6 protein chains.
Amino acid sequence: MNVVVQNIARAAPEVVAGLAECGVATVHEAQGRIGLLASYMRPIYPGARIAASAVTVSVAPADNWMIHVAVEQMKAGDIMVVAPTSPSEAGYFGDLLATSVKARGGVGLVIDAGVRDVRDLTEMGFPVWSKCVSAQGAVRETLGSVNVPVVCAGAYVEPGDVIVADDDGVCVVKHADAAEALEKARARIANEDAKRKRFQAGELGLDMYKLRDRLAERGLKYV
Amino acid sequence: MNVVVQNIARAAPEVVAGLAECGVATVHEAQGRIGLLASYMRPIYPGARIAASAVTVSVAPADNWMIHVAVEQMKAGDIMVVAPTSPSEAGYFGDLLATSVKARGGVGLVIDAGVRDVRDLTEMGFPVWSKCVSAQGAVRETLGSVNVPVVCAGAYVEPGDVIVADDDGVCVVKHADAAEALEKARARIANEDAKRKRFQAGELGLDMYKLRDRLAERGLKYV
Amino acid sequence: MNVVVQNIARAAPEVVAGLAECGVATVHEAQGRIGLLASYMRPIYPGARIAASAVTVSVAPADNWMIHVAVEQMKAGDIMVVAPTSPSEAGYFGDLLATSVKARGGVGLVIDAGVRDVRDLTEMGFPVWSKCVSAQGAVRETLGSVNVPVVCAGAYVEPGDVIVADDDGVCVVKHADAAEALEKARARIANEDAKRKRFQAGELGLDMYKLRDRLAERGLKYV
Amino acid sequence: MNVVVQNIARAAPEVVAGLAECGVATVHEAQGRIGLLASYMRPIYPGARIAASAVTVSVAPADNWMIHVAVEQMKAGDIMVVAPTSPSEAGYFGDLLATSVKARGGVGLVIDAGVRDVRDLTEMGFPVWSKCVSAQGAVRETLGSVNVPVVCAGAYVEPGDVIVADDDGVCVVKHADAAEALEKARARIANEDAKRKRFQAGELGLDMYKLRDRLAERGLKYV
Amino acid sequence: MNVVVQNIARAAPEVVAGLAECGVATVHEAQGRIGLLASYMRPIYPGARIAASAVTVSVAPADNWMIHVAVEQMKAGDIMVVAPTSPSEAGYFGDLLATSVKARGGVGLVIDAGVRDVRDLTEMGFPVWSKCVSAQGAVRETLGSVNVPVVCAGAYVEPGDVIVADDDGVCVVKHADAAEALEKARARIANEDAKRKRFQAGELGLDMYKLRDRLAERGLKYV
Amino acid sequence: MNVVVQNIARAAPEVVAGLAECGVATVHEAQGRIGLLASYMRPIYPGARIAASAVTVSVAPADNWMIHVAVEQMKAGDIMVVAPTSPSEAGYFGDLLATSVKARGGVGLVIDAGVRDVRDLTEMGFPVWSKCVSAQGAVRETLGSVNVPVVCAGAYVEPGDVIVADDDGVCVVKHADAAEALEKARARIANEDAKRKRFQAGELGLDMYKLRDRLAERGLKYV
């Protein structure tokens with residue numbers, strides 16, 4: 001059965017904003033090394049670093065009908081997360097849809113398929129993480145669902161989950177865990193800042209992490 | 001038999017120039033969603049948007065002998081379209097060949113294989129769409145053909161066809177259909193400009209394309 | 001047995017510096033078209049062009065313990081070359097490790113796996129050539145070796161070999177052959193400069209390389 | 001946190017057995033075209049057709065420690081479903097582990113990575129669906145979890161879900177939906193048997209499914 | 001515009017039958033090393049060796065509506081050749097469609113996408129060459145065309161062309177060239193039979209093909 | 001410079017024969033988990049299990065000239081190991097070359113590219129491990145080398161190294177280490193036979209390998 005779920009729980013905006021500042025690598029580590037989408041998901045231009053609440057869309061291959069349906073469900077600060085039901089490289093999304101998403105306050109797109117009009121999207125500052133760039137058009141023939149759980153690029157995403165995305169890729173944080181993830185991510189950043197200074201001063205990870213004894217015990221030979 | 005066809009029909013220069021302005025996504029849609037090369041064909045630098053008449057080259061794997069032959073067949077406004085007879089990632093083409101193509105008035109390269117000297121090519125402003133970047137050299141040992149039909153990255157290209165290429169990829173337009181494709185592409189652009197304004201104003205695709213009734217009829221449930 | 005080899009032979013610094021200027025495509029040709037890493041090894045940002053002596057690291061999949069060990073073995077002008085023992089896309093290396101490498105005088109990373117913190121690495125000007133970008137963290141559980149021969153992205157690399165890397169990819173030069181490779185590369189550049197002028201003047205490769213007779217003899221037909 | 005969940009709900013054995021008879025393609029259709037694992041998951045030998053309850057295992061790349069833990073959680077009629085936390089092609093599982101699984105009553109393995117000893121496994125009649133065959137050994141160094149939800153080859157699998165697998169691939173059925181899926185699958189088979197006879201008699205799908213009018217209405221031209 | 005072309009020229013049945021006996025490798029060589037489909041096109045079971053006239057089908061991704069249309073256009077001795085308009089791994093075709101094709105006298109399927117029910121198809125002796133095996137269902141929503149030229153797995157196929165397929169893959173022969181290709185293929189077989197005897201007797205290719213002088217002339221050194 | 005090395009050291013025949021009996025997975029483990037070729041190297045038919053001394057061949061892409069040269073260098077019990085200088089899927093080798101290799105006493109082929117005539121090779125019982133099956137013909141135009149070190153499918157192979165190959169893939173053993181590897185492999189088999197009996201009797205790996213304490217110490221929770 002195809003459904004559109006209209007009310008979804010989202011994380012608090014200040015938590016989402018905090019996660020954006022922390023970035024994908026840090027958030028991913030902070031929440032226990034889970035939630036990464038596959039590494040083939042790449043940004044269409046470098047430098048974007050965002051976090052946003054997921055409006056999920058399950059679509060038929062090369063069919064973007066439900067993307068039009070999903071736009072209506074987006075609120076300010078949301079990102080659309082699109083997963084086709086079988087692998088596809090069609091270009092489901094271009095500058096017109098981005099204009100519409102932007103008009104609703106949406107901040108970007110994550111799609112396990114193709115996107116097009118990437119020059120226009122770049123000029124608009126509308127960030128997209130996608131499997132590929134493709135101008136191949138989509139049809140509007142087959143129903144799908146909006147705001148149901150999806151598997152996108154190997155990660156399980158529920159509506160309202162926080163998507164963190166930057167040049168390192170895309171990570172999903174369960175919306176119920178977002179505040180805790182943020183706290184841990186910030187602690188991690190503080191800790192890394194301290195380590196960075198020590199590394200800059202020439203200290204080695206071998207000493208900083210006290211790795212030498214265990215290496216010797218395991219039998220590593222220096223020759 | 002290996003041949004070089006010396007006289008090929010090309011589309012009118014003003015039609016080719018018009019198609020360049022329209023871009024890949026629009027032209028592809030305008031001509032009925034055909035003619036796209038595979039999405040693995042990527043530009044070596046962002047921002048190039050061209051259209052040009054194809055001088056086609058069928059080459060042996062890792063052999064660029066026929067590319068030298070093809071340069072002589074290029075006229076101002078042409079683009080070279082290279083397809084190996086079996087999959088290859090060798091680097092068939094670099095800055096010297098680009099210099100030669102440019103001296104003939106050629107405007108770029110589409111190659112279902114590798115290219116090298118990409119920093120030099122970028123500085124020269126010589127756009128290339130390729131399967132990969134590779135410095136692996138090619139030999140000059142086996143004959144091929146110039147200006148015969150080829151399948152390049154999954155698309156059938158005949159000599160003189162118009163190649164449209166930009167950040168979205170590469171599309172081929174039959175030279176006999178180019179004028180009609182341009183007309184349709186321009187109509188499409190006008191239509192999209194109007195839609196863009198309505199999207200900017202917050203109108204939804206659901207309403208603009210009158211999709212709600214059909215969705216209900218098909219059984220989409222809002223919950 | 002897992003070992004760390006502490007003394008390795010390196011090519012002379014001026015030879016390494018000379019190879020950097022020549023670039024991957026030229027050096028690869030000059031040494032007889034050998035030594036290229038697979039074309040999937042891409043720079044995380046465009047424009048870097050370096051040469052450096054390889055400190056090699058054989059690591060377990062998704063385990064970066066030996067990278068910490070390897071940092072200590074790096075000297076000014078070295079590059080780390082990391083090869084996992086089975087295919088991996090984990091992110092073994094980020095800005096903290098880069099800070100540490102830089103503090104030792106290291107100049108970059110070649111890794112047949114993933115890297116993360118690419119925005120930070122880009123800002124630091126720390127060049128990386130990798131199979132992918134991935135934030136997926138690594139563990140420190142399994143021994144590997146440092147400065148042993150490795151196969152990295154399809155190329156055989158011995159410690160102290162010269163790595164040449166730029167926008168065209170990555171090439172390895174045996175350290176014992178580096179001086180000869182540089183000499184040949186410089187000769188090649190001089191030769192190419194001369195050819196470039198002739199190409200710019202409109203001369204064809206068919207004439208410059210005297211290809212016409214052999215083409216005719218092989219049976220190429222002009223129609 | 002790494003956990004082993006010891007009590008999981010499973011579907012009724014007769015339902016599981018019924019689903020095995022129906023096969024992947026039918027069950028997948030019957031439950032609304034959901035639940036398929038990626039098509040790269042292939043059986044190590046042809047002809048196996050099973051259904052079983054999933055004992056899920058989340059493992060570190062190239063680390064099979066948790067597989068040993070998971071064996072203890074298997075009951076008669078279970079299948080192990082293994083998903084690494086980042087892409088891996090290591091060979092986590094061979095004939096010794098299969099012997100152990102079999103001794104517990106387990107009936108097979110689904111692994112989004114590599115398997116080895118495939119000749120022995122074939123002789124044992126122990127079916128495996130995997131991403132690849134690889135002899136590359138795994139370590140036992142990093143914790144994971146057993147009987148937690150995993151994404152395996154693009155499908156979301158919860159412990160106790162029914163895995164249906166045959167020469168067409170692998171499909172997951174939520175354990176709570178298994179009885180309904182079986183009922184629908186059996187109805188589908190009855191329906192297909194009837195259709196098969198009509199097809200054998202020469203009737204066309206165009207007529208059987210009454211497709212002609214809609215084709216004409218959409219504008220299909222016969223020329 | 002979507003069309004069904006009803007009358008297509010086919011090669012003579014005895015020519016088609018002759019090409020089947022020659023096999024893919026021989027026919028491909030005999031016609032000048034052209035016409036091979038990509039090597040990812042694999043048979044669902046070993047041992048089939050056929051030749052047949054192509055009924056071509058251009059389909060939308062994951063949409064098999066036009067396959068139903070195409071069945072009606074098949075005659076005894078035909079094979080269906082299906083190419084999606086953008087990459088797809090859906091399972092467009094299973095045992096019911098095979099039953100229908102067989103009832104029309106069709107002899108197999110070549111599809112640049114997925115197939116399902118492979119166990120049933122194997123039992124029926126209905127050979128299929130496909131990109132993958134997938135149970136993922138297709139819809140019937142979007143028009144395509146039948147008996148128009150298509151690019152299938154990188155090869156250009158026109159309706160009525162002869163498809164030769166066996167364990168080595170798939171090759172297309174222009175129907176107008178089929179008789180000539182058969183003649184050359186048979187000559188090649190006779191020639192290969194003679195060579196095989198000489199190879200069995202221990203003669204070397206170096207001597208049989210008189211390669212030694214040219215090797216020496218090119219500078220090959222024996223050390 | 002292109003060379004043919006005529007005298008190479010091989011491991012003792014009884015050692016090679018012993019390694020064949022042990023199989024890839026065991027030998028690979030016994031020698032410290034090194035030497036595996038990439039998992040995409042698959043046998044053309046199931047069931048072959050061999051070991052043989054490598055005659056290595058470095059070839060140009062889609063060029064099999066040096067394979068003819070290499071045949072002459074083969075002795076009874078040798079296997080040919082072919083690596084192209086850039087990635088290729090051409091079909092370098094078919095039943096005529098196999099006949100010639102067999103006449104010399106050669107026992108098989110490992111090729112990081114394509115092979116053809118696989119039905120004939122299967123009937124001949126001539127085992128091949130390859131990247132793909134392809135009928136695409138090769139030329140004889142460019143020199144390469146015979147019995148030089150090559151990287152084949154990610155593994156470094158020197159002439160005379162022992163190749164072990166079976167349904168699990170391909171592993172290389174340095175010829176100087178072969179006797180030691182055999183000894184360790186046999187010890188491993190004896191050890192595995194003992195373990196197999198214990199597994200069959202229902203003993204768990206958790207107990208056999210004494211894993212429970214370390215799991216608890218690391219913090220694994222049973223819930």
Side-chain angles (χ1 to χ4, degrees), chain E residues 22-43 46-49 129 154-155 164-171 188 191-212 214-223, chain F residues 1-7 44-46 62 64-74 88-91 93-105 113-124 130-148:
Chain E
C22 297
V24 168
T26 298
V27 170
H28 164 66
E29 287 285 342
Q31 71 174 349
R33 297 190 170 175
I34 55 171
L36 270 191
L37 275 67
S39 67
Y40 62 71
M41 296 294 285
R42 298 301 302 146
R49 170 170 274 193
W129 289 259
V164 187
D166 61 20
D167 292 342
D168 283 347
V170 185
C171 185
R188 196 174 168 87
N191 180 270
E192 291 202 339
D193 286 345
K195 282 185 196 161
R196 192 173 293 107
K197 289 198 185 87
R198 293 167 68 187
F199 277 125
Q200 279 166 340
E203 192 171 343
L204 288 168
L206 286 180
D207 299 311
M208 203 184 299
Y209 304 120
K210 301 188 196 317
L211 303 173
R212 293 189 195 273
R214 200 163 149 249
L215 286 167
E217 180 190 306
R218 288 293 194 85
L220 185 67
K221 299 289 173 214
Y222 282 78
V223 297
Chain F
M1 198 187 63
N2 298 108
V3 298
V4 180
V5 177
Q6 296 181 93
N7 292 307
I44 57 168
Y45 57 84
N64 68 1
W65 202 7
M66 298 314 287
I67 292 180
H68 289 280
V69 174
V71 173
E72 191 177 26
Q73 304 306 319
M74 295 188 78
S88 173
E89 299 179 14
F93 193 101
D95 83 295
L96 287 185
L97 274 164
T99 301
S100 185
V101 167
K102 224 173 167 176
R104 307 285 300 180
V115 65
R116 61 184 184 180
D117 301 330
V118 297
R119 192 163 77 162
D120 297 326
L121 297 175
T122 302
E123 282 168 9
M124 289 169 68
S130 69
K131 185 163 91 174
C132 63
V133 172
S134 169
Q136 180 70 42
V139 297
R140 296 196 292 256
E141 300 285 2
T142 306
L143 290 190
S145 292
V146 175
N147 282 334
V148 296

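So that the names make sense, note that chain A is the first sequence line, chain B the second, and so on, each numbered from 1. Since we're looking at a predicted model, the values are computed, not measured.
- In this structure, the side chains of E:Arg212 and F:His68 stay at 4.5 Å or more apart for every pair of heavy atoms.
- With a threshold of 4.5 angstrom between heavy atoms, F:Arg104 approaches chain E through side-chain atoms but not through N, CA, C or O.
- To the nearest 0.5 Å, atoms CD (F:Gln136) and CG (E:Leu37) are separated by 11.5 Å.
- A heavy-atom distance below 4.5 Å is found between the side chains of E:Arg33 and F:Val139.
- Using a 4.5 Å cut-off between heavy atoms, F:Asp95 contacts chain E through its side chain alone, with no backbone atom that close.
- Between F:Arg119 and E:Asp166, every side-chain heavy-atom pair lies at or beyond the 4.5 Å cut-off.
- Heavy atoms of F:Glu89 lying under 4.5 Å from chain E belong exclusively to its side chain.
- Proximity to chain F involves both the backbone and the side chain of E:Leu215, based on heavy atoms less than 4.5 angstrom apart.
- For chain E, the option among F:Asn2, F:Leu96, F:Val3, F:Val118 with the highest count of heavy-atom pairs below 4.5 Å is F:Leu96.
- The CG atom of E:Asp168 lies 8.0 Å from the CG atom of F:Leu121; values are rounded to the nearest 0.5 Å.
- E:Asp167 has its side chain out of reach of F:Tyr45: every pair of non-hydrogen atoms, C-beta onward, lies at least 4.5 Å apart.
- No part of F:Glu123 comes within reach of chain E, as not one of its non-hydrogen atoms sits under 4.5 angstrom from that chain.
- Proximity to chain F (any heavy atom under 4.5 Å) is restricted, for E:Tyr209, to the side chain, taken from C-beta onward.
- Residue contact with chain E, scored on non-hydrogen atoms closer than 4.5 Å, is absent for F:Ala90.
- When each of F:Ser134, F:Gly137, F:Ser145 is checked for heavy-atom pairs under 4.5 Å with chain E, F:Gly137 comes out on top.
- Most heavy-atom pairs under 4.5 Å with chain E: of the set F:Val146, F:Thr122, F:Val133, this distinction falls to F:Val133.
- Screening E:Lys195, E:Lys197, E:Arg196 against F:Thr99 for a side chain to side chain contact (heavy atoms under 4.5 Å, CB included) leaves a single residue, E:Arg196.
- With a 4.5 angstrom heavy-atom cutoff, E:Glu192 touches chain F via backbone and side-chain atoms both.
- In this structure, chain F has heavy atoms under 4.5 Å from both the backbone and the side chain of E:Leu220.
- Geometric assessment of E:Arg218 against the ring of F:Trp65 yields a negative cation-pi assignment under the 6.0 Å and 45° thresholds.
- Side-chain atoms of E:Leu204 and F:Val71, non-hydrogen and from C-beta on, do get closer than 4.5 Å to each other.
- Taking CZ of F:Arg140 as the reference point, atom CZ of E:Arg214 lies at 9.0 Å (rounded to 0.5 Å).
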